[in-house]
K.L.:
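First the structure, which I've put down as structure tokens, then a few questions once you've had a look.
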Amino acid sequence: MEPTALFHGHKQISPPQGVPILDVDPYDTDNLTQRTYFEALRAQGPFAYIPRYGVLACGGYAVTREVFSDHERFVSSRGVGLSDFGLEEPWRPASIILEVDPPYHTKTRRVIMRALSPKVVRELRDAFKADAERLIDSLLAKEEIEAVTDIAEAFPTKVFPQAVGIKEPDARMLVEFGAIVFNAIGPDNDLRNRAMARNKDIMPWILDRCSRAQLTSDGIGALFYAAADAGEISEHEAGMLVRSLLSAGVDTTVTGIGNALWCLATHPEQYARLKEDPDGMALPAFEETLRFTSPVQAFFRTAALKTEVAGIPIEEGTKILCVLGSANMDPDHWDRPEVFDISRKTVGHLALGAGIHVCVGQNIARAEGQAILRALAERVDRIEIAGEPTWRPNNAIHALDRLPLRFVPK
Ligand code: OVV
């Protein structure tokens, strides 16, 4: 490793010519849970310099999309958090899909794409539907439900490990691992330190789940090992791709489903429209939830070279916080972005990223979201808020901590 003086794990840069200084902490509890700085960030122009961390940040739609999707100038191989993997060791061996660039990325992406293809997801649909209906049915008699645990966590932690082919799943371990992975993307704060402390107990269990012996022969994980048998990737790489599924496939869908329930509970007129056509509107409602709440709030990219974006000079090694949640709320791009509207044209939202790293699990995520919202809309007449919804701070995820609801059955 180069003996460079590090600032928050990356090269210290000074504010580029023409970039305003924005003295906020995107990682304080208020900003993580209430997203208070989004508007101020967009008001600075294409970029703001955040002195607290020595990084650039962008939250306008056009610039965020440009930086996030240009994998040649703004690489992922140096980490998508504050830490520059070119300058310090990552907290765990780097992901072989998220935290790599082409040409290596092309190889692993191809394997994972095939394993999560529309055809594979189509075959999972019936199981998702039956599980979603059973879950919602089981909740109808309850006086009150805690939607984060009873639905948002319960559903993905049942159907996803099953789809992957995990022989010995454990919902709590999977949820905790997700929190660790996403908190790891942030700065050296309390959230990250607590995640790192828990990692010692969780990671060995996760890595055990990734081995060939711990996977059924008919799941998505087995498709990675089939690619290893075919000589496309190594046995070790197959295990690493399973680790990627468990890193990215639980907390994200848990959050998407929880956020969707919150959106619908707090917008009864939108829930009424979903009920009119559960089959047709479940997917658009989930997609608008993604835009409106951005379960993954922000990821970094790292400038691989001296370059320029929107007339702003950017030096090599610059970490850029791409605030996807803010881009999805940019009034320069969206008509009345603060309105939750399940009929809106959501195409182009950045909640699943953009470019070659765009969420590879998006089909499976949508299938999960759709199954739950459809089952709900077919069975539940009204969703009532039964207690104050609260948000759970996480360095990268915008998720609820608690969502007490009452279901009024049809
Ligand atoms: C947090 C996250 C997102 C996407 C991919 C991965 C992790 C990975 O481990 O590959």
Side-chain angles (χ1 to χ4, degrees), residues 32-33 116 121 124 127-128 131-132 134-136 138-139 145-164 166 169-185 191 195 198 202 205-206 209 220 243-265 282 285-299 324-325 351-353 359-376 383 389-405:
L32 288 178
T33 58
L116 298 173
V121 175
L124 293 169
F128 286 5
D131 273 314
R134 209 173 306 129
L135 176 62
I136 302 299
S138 76
L139 298 172
I145 65 165
E146 209 302 284
V148 171
T149 45
D150 293 348
I151 302 178
E153 291 181 358
F155 185 66
T157 56
K158 166 123 203 309
V159 302
F160 188 64
Q162 200 166 298
V164 176
I166 304 290
D170 179 321
R172 228 196 25 120
M173 295 289 257
L174 291 167
V175 166
E176 245 200 284
F177 184 57
I180 291 169
V181 168
F182 284 97
N183 275 317
I185 283 163
L191 289 167
R198 287 298 290 142
I202 310 284
W205 182 88
I206 289 289
R209 305 279 78 66
I220 294 164
R243 194 196 72 172
S244 281
L245 294 188
L246 301 185
S247 299
V250 178
D251 220 19
T252 47
T253 48
V254 166
T255 301
I257 290 169
N259 290 3
L261 296 169
W262 174 76
C263 287
L264 294 167
F286 190 65
E287 208 68 38
E288 170 66 346
T289 297
L290 296 183
R291 183 202 66 84
F292 190 70
T293 68
S294 300
V296 176
Q297 299 208 59
F299 271 163
L324 307 170
L352 300 165
C359 177
V360 75
Q362 56 182 280
N363 294 318
I364 206 163
R366 288 196 183 98
E368 289 181 36
Q370 182 182 21
I372 280 292
L373 296 190
R374 186 177 44 209
L376 189 74
I383 309 174
T390 55
W391 296 87
R392 181 185 303 173
N394 177 290
N395 284 330
I397 293 264
H398 184 235
L400 290 148
D401 187 46
R402 297 184 50 76
L403 180 61
L405 297 180

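Numbering of residues begins at 1 and proceeds along the displayed sequence. Being a predicted model, the structure only gives us computed values, none of them experimental.
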K.L.:
Once side-chain hydrogen bond (donor to acceptor under 3.5 Å, both in side chains) is applied, do any residues pair with D401, and if so which ones, sequence neighbours excluded?
P.N.:
R392
K.L.:
Check side chain to side chain contact (heavy atoms under 4.5 Å, CB included) between P161 and all other residues, then give those that pass, not counting sequence neighbours.
P.N.:
I166, P169, L174
K.L.:
Restricting to side chain to side chain contact (heavy atoms under 4.5 Å, CB included), what partner residues turn up for T149, sequence neighbours left out?
P.N.:
E146, E153
K.L.:
Taking only residues two or more places apart in sequence or in another chain, which ones pass side-chain hydrogen bond (donor to acceptor under 3.5 Å, both in side chains) with S244?
P.N.:
S95
K.L.:
Within the 4.5 Å heavy-atom criterion, are I372 and F128 side-chain neighbours or not?
P.N.:
no
K.L.:
Check A147 against L261 and note the closest heavy-atom contact, atom names and distance.
P.N.:
CB-CD1, 4.0 Å
K.L.:
Students often mix this up, so state it plainly: with edges at 30° and 60°, are the rings of W391 and W262 parallel, tilted or perpendicular?
P.N.:
perpendicular
K.L.:
Residues two or more places apart in sequence or in another chain: which of them pass side-chain hydrogen bond (donor to acceptor under 3.5 Å, both in side chains) with T293?
P.N.:
N259
K.L.:
Could I get the full list of ring-ring contact (aromatic ring centres under 6.0 Å, His included) partners for F292, not counting sequence neighbours?
P.N.:
H267, F340
K.L.:
Could you give all pairs that pass the salt bridge (charged side-chain N to carboxylate O under 4.0 Å, His left out) test and reach residues 359-372, with sequence neighbours left out?
P.N.:
E287-R366
K.L.:
Going by salt bridge (charged side-chain N to carboxylate O under 4.0 Å, His left out), name the residues that satisfy it together with R209, two or more places apart in sequence or in a different chain.
P.N.:
none
K.L.:
Apply side-chain hydrogen bond (donor to acceptor under 3.5 Å, both in side chains) to T157 and list each qualifying residue two or more places apart in sequence or on a separate chain.
P.N.:
none
K.L.:
Under the rule for side chain to side chain contact (heavy atoms under 4.5 Å, CB included), what residues qualify as partners of V360, not counting sequence neighbours?
P.N.:
R109, I112, M113, L116
K.L.:
Taking only residues two or more places apart in sequence or in another chain, which ones pass salt bridge (charged side-chain N to carboxylate O under 4.0 Å, His left out) with D131?
P.N.:
R134, K158
K.L.:
Taking only residues two or more places apart in sequence or in another chain, which ones pass side chain to side chain contact (heavy atoms under 4.5 Å, CB included) with A265?
P.N.:
I383, I385, L405
